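Just so you know, these numbers come straight off a predicted model, no measurement behind them. Every number for a ligand or one of its atoms is a count from 1 in the order of the listing.
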Amino acid sequence: MRTRYRAAWRTAAFLAFLAAPGWARGATILRNARVAVSPEADPVAREIVIEGGKIVFVGARAPGRYAGADAIDLSGAVVYPGFVDSHGHLGGLGKSLESADLKGLASAAACAAKMAAEKTPPGSWVEGDGWDQNRWTPKTFPDASVLDAVFPDRPAFARRIDGHAVWVNTAAMRAAGITAATPDPAGGRIVRRPDGQPSGVFVDNAIDTVMRARPAPNEEDIRRHFRAALASCAAVGLTGVGDASGYGSKEIGVLRSMAAAGELPIRVYATIGPGEPGFDALLAAGPIDQGMLTVRAVKMYADGALGSRGASLISDYADDPGNRGLLLTPPETIESVAERCFRAGFQVWVHAIGDRANRIALDAFAAAEKAVRSKDPRPRIEHAQVVAVEDRPRFASLGVIASIQPSFATSDMPWAEVRLSPARVGESYAWRSLEKAGARLAGGSDFPVESNDPRLGLYAAVTREDAAGLPRGGWRPEEDLSRRDALALYTRGAAYAMFTETRRGEIAVGRDADLSVFDRDLAACPPAEIPKARVLMTISGGKTAYRAP
Ligand SMILES: [Zn+2]
């Protein structure tokens with residue numbers, strides 16, 4: 001009796017609760033917002049209601065039934081579809097947040113001094129990131145002796161800005177057993193002094209010969225790196241990230257447990273890597289969809305990078321006759337792995353910088369597609385940096401996404417022409433030409449190579465100027481993108497590149513509540529103001545991932 005009475009009372013209370021204006025508990029209203037519902041749309045005064053991770057209302061005034069919902073007054077801020085970085089490295093960013101930032105430093109000695117000032121957890125190698133000999137005088141690779149002067153006993157290493165070379169000290173080489181007798185591996189180079197002794201710089205596939213001696217990060221390290229990187233991404237307005245690291249089962253395991261525990265503040269679309277532990281099992285198990293975490297892509301490397309002359313070119317480097325760069329994966333392997341991925345329902349991402357690497361990737365996708373005839377594979381070329389003019393239309397005809405990094409153009413412009421020759425530089429960083437040729441573009445930063453801040457990517461895409469506004473009018477401005485097309489790189493384009501264009505990339509009822517809120521209209525403000533826009537709020541999956549203090 002008592003139980004029945006209590007049940008009846010509960011029902012009545014619940015009905016009263018439903019009838020009250022505040023019943024839409026759990027809903028959130030964004031008020032006083034200017035909403036740009038798509039990359040093409042101008043911001044218009046709107047209210048947005050979010051419930052259960054979805055957008056349930058967009059319009060002039062939210063219906064009365066939401067009157068009791070949590071309200072956030074945006075005071076005229078501009079709300080965009082969630083900005084997504086299509087290509088970054090969360091683990092690398094997390095690590096780099098713990099290591100010395102060497103970007104922009106003017107000498108090897110300055111890099112060593114900065115590393116000495118950093119507090120490195122005991123037991124791990126001292127770490128630096130982002131040196132670039134192209135900024136030094138003379139523009140030559142650094143030597144181990146410069147690091148030895150600061151770290152005589154403790155292993156120390158620093159990645160080149162493009163991640164395609166490391167510079168280490170003698171203690172690190174000793175730990176790895178590197179001597180004059182150590183041969184260059186296929187697809188890599190150990191830079192040597194005139195007497196044949198390794199000088200301390202290891203390029204592309206040679207990186208692993210020294211770095212394999214470094215103690216591997218444990219799961220707690222990996223989790224800490226992911227956590228720091230995701231917080232950093234949320235703070236620059238990103239609601240999601242495509243992670244191009246090509247992880248193994250350990251990193252994927254950490255991401256899965258973070259997703260299950262609700263510890264992913266923004267969405268992660270992760271790739272797995274052939275050659276990484278557990279790859280076959282991960283591929284066989286099929287794509288993973290855990291809401292905030294998706295794992296359904298495989299990352300391969302066709303070549304290296306232009307800065308270290310590792311990009312694979314059709315003809316010689318203009319500044320190094322006889323050198324055409326390095327192929328990191330044999331073309332037939334790219335093709336066979338692509339075929340396996342298509343069959344397993346995985347997307348394929350191939351890193352291709354040089355024109356030869358781009359052609360090899362396109363050929364591999366064409367062959368794999370012919371063999372498998374999968375319905376909608378959406379293969380991606382990461383970077384698509386130097387593409388032969390005759391290969392441009394193949395992106396559209398083969399349905400290949402060009403996953404581009406607008407900041408690369410402005411970072412590389414001081415030396416790209418020297419590497420490529422004035423004639424061939426016209427084939428490079430040709431974002432507008434690729435788009436005109438029908439390629440679908442997605443935008444990213446390749447963080448931590450470049451900043452993860454999408455405002456900087458937008459700025460680079462539309463101005464082709466560096467942070468100082470140089471060169472005036474932009475570097476090869478015929479390849480810039482319109483403001484709308486640049487916004488689409490990070491919204492609709494990124495959504496398409498992750499198979500989510502019907503759920504994200506625009507603001508509409510029924511779509512996921514992934515929103516980036518800025519203090520100004522990024523399509524209308526003067527271009528120089530884009531990097532100065534303030535990120536006010538980042539909402540991913542309906543939850544606040546970041547709110548400006
Ligand atoms: Zn990358």
**Student:** Could you pull out the closest heavy-atom pair between L90 and Y247, with the gap in Å?
**Tutor:** N-OH, 3.8 Å
**Student:** For the Zn ion (ligand 1), check which protein N, O or S atoms are under 2.8 Å away and list them.
**Tutor:** H87 NE2, H89 NE2, D446 OD1
**Student:** Using distance only, find each side-chain donor-acceptor pair of residues 248-256 under 3.5 Å and give its atom names and separation, not counting sequence neighbours.
**Tutor:**
residue : atom : partner : partner atom : Å
S249    : OG   : P277    : O            : 3.3
K250    : NZ   : P217    : O            : 3.0
E251    : OE1  : G248    : N            : 3.2
R256    : NE   : Q290    : OE1          : 2.9

**Student:** Is the distance from the ring center of F395 to that of F365 below 6.0 Å?
**Tutor:** no
**Student:** Evaluate the ring planes of W131 and F141, with Trp represented by its six-membered ring, and classify them as parallel (under 30°), tilted (30 to 60°) or perpendicular (over 60°).
**Tutor:** perpendicular
**Student:** By ring-ring contact (aromatic ring centres under 6.0 Å, His included), which residues pair with F408, not counting sequence neighbours?
**Tutor:** H383
**Student:** Can you sort out the partners of R424 under salt bridge (charged side-chain N to carboxylate O under 4.0 Å, His left out), two or more places apart, ordered by chain and number?
**Tutor:** none
